Q: 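First the structure, then my questions, so here it is.
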Protein chains: 2
Amino acid sequence: MTGNAKPRAVEKPAGGKTRIQMENETRILGAALDIFSESGFHGATLDRIASQASMSKPNLLYYFRNKEEIHVALLTGLLDVWLAPLREIRPDGNPVDEIGSYIRRKLESSRSFPRESRLFANEILAGAPHIGDFLQTELRQLVEEKAAILQGWIDDGRMATCDPRHLLFAIWSTTQHYADFSVQVRHVLGLDPGDKSYYDEAANMLETLFLGQLISVN
Amino acid sequence: MTGNAKPRAVEKPAGGKTRIQMENETRILGAALDIFSESGFHGATLDRIASQASMSKPNLLYYFRNKEEIHVALLTGLLDVWLAPLREIRPDGNPVDEIGSYIRRKLESSRSFPRESRLFANEILAGAPHIGDFLQTELRQLVEEKAAILQGWIDDGRMATCDPRHLLFAIWSTTQHYADFSVQVRHVLGLDPGDKSYYDEAANMLETLFLGQLISVN
DNA sequence: AAGATATTTGACCAAACGGTAAAAATGATA
DNA sequence: TATCATTTTTACCGTTTGGTCAAATATCTT
């Protein structure tokens, strides 16, 4: 009989994947990232994703059970990338170096992975239906840990008194803004689509804002 | 004959609207703001909007030609609200007062109009298909105007050297973050849904960040 | 109250969409 | 090359969704 053994995520106990399987799954995920990040979950259609992946829709559904499974696969794959810059903050460093390099890492992340950033933004805007648990557990714990480091610097008088968690929010929002709201940034600055020159100006701005003194006392 | 004269946006030259017309249009727009802001354009359905407005779908379409017209009506009605805080920045003020009160106005706007903020965020994330022209003309011009004021303060040595347009971006992103990413903020802080207590902490943070010196020189 | 107009509703439709079934084609392997 | 499992395609299905139509009802005006 002509077998129809679909792989469907976890199929082989030993996780053995065919060459074709690996190739196609990455093709699909890449295409889905394009479509989801520019149209959101509901705005994206399986037909467009399949088309972007140069693949028929049923073929696509041979590798992923349904639309949501592709979306979840992208999101979960994203979380480690999202956390990576934050994890690197070290307690034994000094505020300027640690915060400065954290901001540079986050901004670089926006520049290099704008699709991922927009996917994440879409998910949060929609109420985080898929990663709510991640936010409440992993992210919250990591924030608590890193906020304690910042609080230590505050207690040592090396930083102004402020809620360190909100400082992290400020860093997230300012850096991710350049990926998520790039259309607005480009329109306001009068830049062409695809022109990412504003990232250097952004780096200067954020350094002045977070590491220097913006407003002169007088 | 039973007349079927639909109003459909601009119908009476003198813009005369019935009491029922005005009531229902605001009911529809309110319901649509709920649905669009929490599900995005494609995630929202006319049935849900109609249901939220306690109205049948055909009745809803008696007042608005189609789904997009409701969306556009909301967006265009939004733009003045969005611009209002920025317009108030005065050249004859001082940096601390002007920027400080601008931040407070924007933050207050996020607290009071989170649905509007999310609607706007969704539109930008989707590539600003409906308000691209607004961004390139009205917003850009206003930013240019206000950036000139900030540049004046920089030239007078009352502010650090930085690109004033990117300073505005930073204010937009940090303040709007609390509306657009409220789910993330609440999950990370361990707050209940609907708890907006974090806005006061945010105000302190942003004041320290933008008006004070965050990192001590040592 | 009558007549005209404005509003509301129920029934319906075509297209788009997520997803399925089974056969056909391809690739791996002995 | 024969065999079997994997991959791809064709044809299709049920549901959802944006939107229409004509009839019914309510409202307003005189």
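Just so it is clear, the model here is predicted, and its values are computed rather than measured. Letters A, B, ... are given to chains in the order of the sequence lines, protein chains preceding strands, and every chain is numbered from 1.
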Q: Figure out the CD1/C1' separation between B/I49 and D/dG18, and round it to whole Å.
A: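 After rounding, the reported distance stands at 11 Å.
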Q: Rounded off to whole Å, could you give me the CG-to-P distance for the B/L60 and D/dT20 pair?
A: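 It works out to 12 Å between those atoms.
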Q: Among the candidates C/dT9, C/dT7, D/dG19, find the nucleotide nearest to the side-chain atoms of B/S56.
A: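 Within the option list, the nearest is C/dT9.
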Q: Select base, sugar-phosphate, or nothing to describe what B/A50 touches, counting heavy atoms under 4.0 Å on all strands.
A: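 No contact at all - B/A50 keeps every heavy atom at 4.0 Å or more from the nucleic acid.
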Q: Between D/dT7, D/dT27, D/dC21, which nucleotide has the shortest distance from any of its atoms to the side chain of B/R19?
A: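 Side chain of B/R19 sits closest to D/dT27.
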Q: Please report whether the ring centroid of A/H71 lies less than 6.0 Å from that of A/F64.
A: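 No, too far apart.
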Q: When you measure from the side chain of A/P58, which nucleotide among D/dT20, D/dT10, C/dG18 comes out closest?
A: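 Nearest to the side-chain atoms of A/P58, counting from C-beta on, is D/dT10.
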Q: Inspect the contact between B/E25 and B/K17 and indicate whether a charged nitrogen and a carboxylate oxygen are less than 4.0 angstrom apart.
A: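 Yes, B/K17 and B/E25 are salt-bridged.
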Q: Taking the side chain of A/L46 as its heavy atoms from C-beta onward, which of D/dT27, C/dG19, C/dT7 lies nearest to it?
A: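 Shortest atom-to-atom distance from the side chain points to C/dG19.
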Q: To the nearest Å, how far apart are A/I28 CD1 and C/dG18 P?
A: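 One finds 15 Å between P of C/dG18 and CD1 of A/I28, rounded.
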Q: Run the salt-bridge test on A/D80 and A/R87 with the 4.0 Å N-O cut-off and return the result as yes or no.
A: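 Result for this pair is yes, salt bridge flagged.
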Q: In whole angstroms, how far is the P atom of D/dT7 from the NZ atom of A/K17?
A: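 Value for this atom pair: 11 Å.
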Q: The side chain of B/Y62 is closest to which nucleotide in this list: D/dT7, C/dG19, C/dA6?
A: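 Of D/dT7, C/dG19, C/dA6, C/dA6 is nearest to the side chain of B/Y62.
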Q: What is the distance from CZ of B/R27 to C1' of C/dT7, rounded to the nearest Å?
A: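 For the pair B/R27 CZ and C/dT7 C1', the rounded distance is 12 Å.
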Q: For A/E98 and A/I89, which heavy atoms make the closest approach, and how far apart are they?
A: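 Where A/E98 meets A/I89 most closely, the heavy atoms are OE1-CA, 3.5 Å.
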Q: Figure out the CD/P separation between A/E69 and C/dG19, and round it to whole Å.
A: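 The distance from CD of A/E69 to P of C/dG19 comes to 10 Å, rounded to the nearest Å.
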Q: Out of C/dG18, C/dG19, C/dT7, which has the shortest distance to the side chain of B/Q21?
A: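 Taking heavy atoms from C-beta onward, the closest nucleotide is C/dT7.
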Q: With ring centroids as reference points, do B/Y178 and A/H166 lie under 6.0 angstrom apart?
A: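 Yes - the distance between ring centres of B/Y178 and A/H166 falls below the 6.0 Å cut-off.
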Q: Is there a donor and acceptor pair, one atom on the side chain of A/K67 and one on the base of C/dG19, closer than 3.5 Å?
A: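 Side chain to base: no pair below 3.5 Å.
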Q: So B/T45, base contact, sugar-phosphate only, or nothing? Heavy-atom distance under 4.0 Å.
A: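 Sugar-phosphate, backbone atoms only, no base.
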Q: Side chain of A/N24, heavy atoms from C-beta onward: which of D/dT8, D/dG19, C/dT8 has the nearest atom to it?
A: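 Nearest to the side chain of A/N24 among the choices is D/dT8.
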Q: Which whole-number value in Å describes the distance from A/K57 NZ to C/dA21 C1'?
A: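 After rounding, the reported distance stands at 14 Å.
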Q: A/N59 CG to C/dA22 P: how many Å, rounded?
A: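 Distance check: A/N59 CG to C/dA22 P gives 18 Å.
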